[in-house]
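To start, the structure under review is shown below, and the notes come after it.
Throughout, a chain's letter reflects where its sequence line sits, starting with A, and its residues are numbered from 1.
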Amino acid sequence: MFKKSIANSLFLWFGLILIVILLPFFLPPYFIHVLVMILFYAYLGTSWNILGGYAGQFSFGHAAFFGIGAYASTLAFVNWGISPWLGMILGGLLGMLLGLLIGSLCFHYGLRGPYFALATLAFSELLRLISLNLDLTGKAMGILIPLKGNAPFSFQHESKIFYYFVILLMFIGVLWITRCIDKGKFGDYFTAIREDEDSAEAIGVDTFAYKLLAILISGFLTALGGTFYAQYFLYIDPAITFGVGNSIEIFLRPIVGGMGTVYGPLIGASVLGPLGEVTRGLLGGYQGVHLMIYGAILVSVIIFLPNGIYGWLRSLKKKHRD
Amino acid sequence: MDTNILVQAIISGLLMGGIYALVAVSLNLIFGVMKIINFAHGAFMMLGMYVTYWVSVFLDIHPYLSLLLSMSVLFVVGFLIQYGLINRIIEAPEHNQLLLTLGVALFLENLALFLWTPNYRMIKVTTFAGAVHVGKVMFSTPRMIAFGAALTMTLLLYLFLTKTDSGKAIRAISQDREGAHVIGINLKMIYSLAFGIGSACVAAAGTMITPFFYITPTVGLVFVITAFVIVVLGGLGSFWGAFFGALIVGVAESLGEVLLSGSLKQVPIYSIFILTLLFRPKGLFGKRHV
């Protein structure tokens, strides 16, 4: 019995891995693009989730980290010809540095809840304004990344399959990190801070250190996502990188899917991605329709599924068992 | 630097600050009562502006004449959103309420985009237009009228909150929710009333600026973020804090426009914002115990 269930789950995992690897080779480019976008937002959502979901520090300005990553690798590539793969690491480190700045300021002065949310929003807006006014960042015109054709060492390829595997690996990486947090003692400290910061402090959790740790990890990972975006679309500007809209896109999926859970962001991305594509397909002539639907979904989820889709599924399963 | 330019900048800043005051004070009213940071506040302002726009286009009347209509429409919209949506999750964690209003804002802004396109619209006015010149300093007439109306509205709101029974109930709730409930105040009704009034006030601000401000579905975002800065500067929940904070921010923005180029004008505002959050999170005028 026991052996059979292990064999079964091994078989299931093997099948799943096989499908994920082979799938893009059988799909037309458009569907690969849809998958890339799902994985991309699942990646960003999972990165946000470490700070916003697990540690309970609701960031409204994750676009700041995203933009730092996107501009760092792009400027290094365009100006000095440094490979975006190296630029990506550089961007991640700068994202971490920004996290250190925002985190040490906000957490030192005890900003919580909506105050922290507004402060992160202010930081991302400041960066947007700065990038909008610097010659270095191309101002409102943004930066076009020169085409290199099939150049995997320059993080570029004509086939979308290349990007599919890059973002797949990135997503698996961030999923693994989240699982470690979820199962490990960091996760317990993060949850304690989220549930009741004062009590966590009282029982001896160094809340400042753990919140800072969460923002450093989250900032690093989100910045890597910025580089991926830049290399995938080969164009960035201040609004799409640092804009409020981008921050909203980043935290929308984990909220819809389930904050503070390992798979919540992936579920949110898997629901919102295709839905956005369908509405764009049906009503493509009209701007903003998919965002209107996202707004309605956000309202419905908050009212009816306060723990997200994942939380809802789990409560269904529990009810079923009882 | 020419002193005339500086004086002009300060005057323009104060006039705009009056509008910000009405937006921020009504945002603060909602925060004070429900403890909700209302992201949809800007979207309500935008709707108020569109009500005014369509009325003045179809009936060919001066935008000011639609003031009562846009206020009533937005009162109903605000009342219903609080009554039907936010009241259901009033006990939920803070960020859920914030996200709910964000969802409402996303929905309304993109509905407007869908219905009315992203085109920038202007209302041309011939009466109450122009400007008054005092020496080399110019006072734009529509801006002065908007300033006067916003101040009047802010004062009326203050009188409503301090002199009427409903207003006193609103203040009672913002000071002690449980206590107010014990003495028999219908919390959900008062919440809805407060939200409706807040929305009507921001709609009034929207209507009054249409003679000199473009109308587009995302126009509210500019104002709502500025209003966040103001209420944090003045102290979340503090009426006069928001009022004076608005005048300070108006002048800071206007001076920023003169001294810094282009969109950098907003940098001082965000810097003020971050510094206040860090060093005086209760705001300049906020009560210590909030």
**Q.** Segment of A/Ile293 engaging chain B (4.5 angstrom heavy-atom cut-off)
**A.** neither
Q: Give a yes or no on this: more than 12 heavy atoms of other residues, nucleotides or ligands lie within 6.0 Å of atom CH2 of A/Trp312.
A: no
Q: Quick one: which of B/Leu98, B/Leu99, B/Ile37 has the most heavy-atom pairs under 4.5 Å with chain A, could you say?
A: B/Leu99
Q) Is it the side chain or the backbone of B/Ile274 that comes within 4.5 Å of chain A heavy atoms, both, or neither? A) side chain
Q) In terms of heavy-atom pairs under 4.5 Å with chain B, which of A/Val299, A/Leu298, A/Leu121, A/Asn133 leads? A) A/Asn133
Q | Side-chain (A/Thr120) to main-chain (A/Phe60) donor-acceptor, under 3.5 angstrom | A | yes
Q: Under 4.5 Å heavy-atom distance to chain B, tell me which part of A/Phe123 shows up: side chain, backbone, both or neither.
A: both
Q. Measuring heavy-atom distances to chain A, does B/Pro93 have an atom under 4.5 Å in its side chain, in its backbone, in both, or in neither?
A. neither
Q. Looking at B/Leu221, B/Thr117, B/Leu85, B/Val229, which one has more heavy-atom pairs under 4.5 Å with chain A than the rest?
A. B/Leu85
Q. Where is the tightest heavy-atom contact between B/Ala242 and B/Val25, given as atom of each residue plus distance?
A. CB-CG2, 4.0 Å
Q | Between B/Asn110 and A/Tyr294: side-chain donor-acceptor atoms closer than 3.5 Å | A | no
**Q.** Which of A/Val301, A/Ile302, A/Leu132 touches chain B most, by non-hydrogen pairs under 4.5 Å
**A.** A/Ile302
Q | Contact leader toward chain A among B/Val267, B/Ile89, B/Val232, B/Ile86, where contacts are heavy-atom pairs under 4.5 Å | A | B/Val267
Q.
Please classify the contact of A/Leu111 with chain B as side chain, backbone, both or neither, using a heavy-atom distance under 4.5 Å.
A. side chain
Q. Contact part of B/Leu108 toward chain A, heavy-atom cut-off under 4.5 Å: side chain, backbone, both or neither?
A. neither
Q | Closest heavy-atom pair and its distance - B/Ser26, B/Gly198 | A | CB-O, 3.4 Å
**Q.** Of A/Thr191, A/Thr261, A/Asp182, A/Asn49, the residue whose pairing with A/Tyr54 passes side-chain hydrogen bond (donor to acceptor under 3.5 Å, both in side chains)
**A.** A/Asp182
Q.
Does A/Phe208 have more than 12 heavy atoms from other residues, nucleotides or ligands lying within 6.0 Å of its CZ?
A. yes
Q. Can you say whether A/Ile297 sits under 4.5 Å from chain B via the side chain, the backbone, both, or neither, judging by heavy atoms?
A. neither
Q) chain A heavy atoms under 4.5 Å from B/Phe114: which part of the residue, side chain, backbone, both or neither? A) both
Q | B/Tyr214 to B/Thr216 - nearest heavy-atom pair and separation | A | CE1-CG2, 3.5 Å
Q) Which bit of A/Phe304 is near chain B, if near means a heavy-atom gap under 4.5 Å: side chain, backbone, both or neither? A) side chain
Q: Answer yes or no: is there an ion pair linking A/Arg112 with A/Asp198, defined by an N-O contact shorter than 4.0 Å?
A: yes
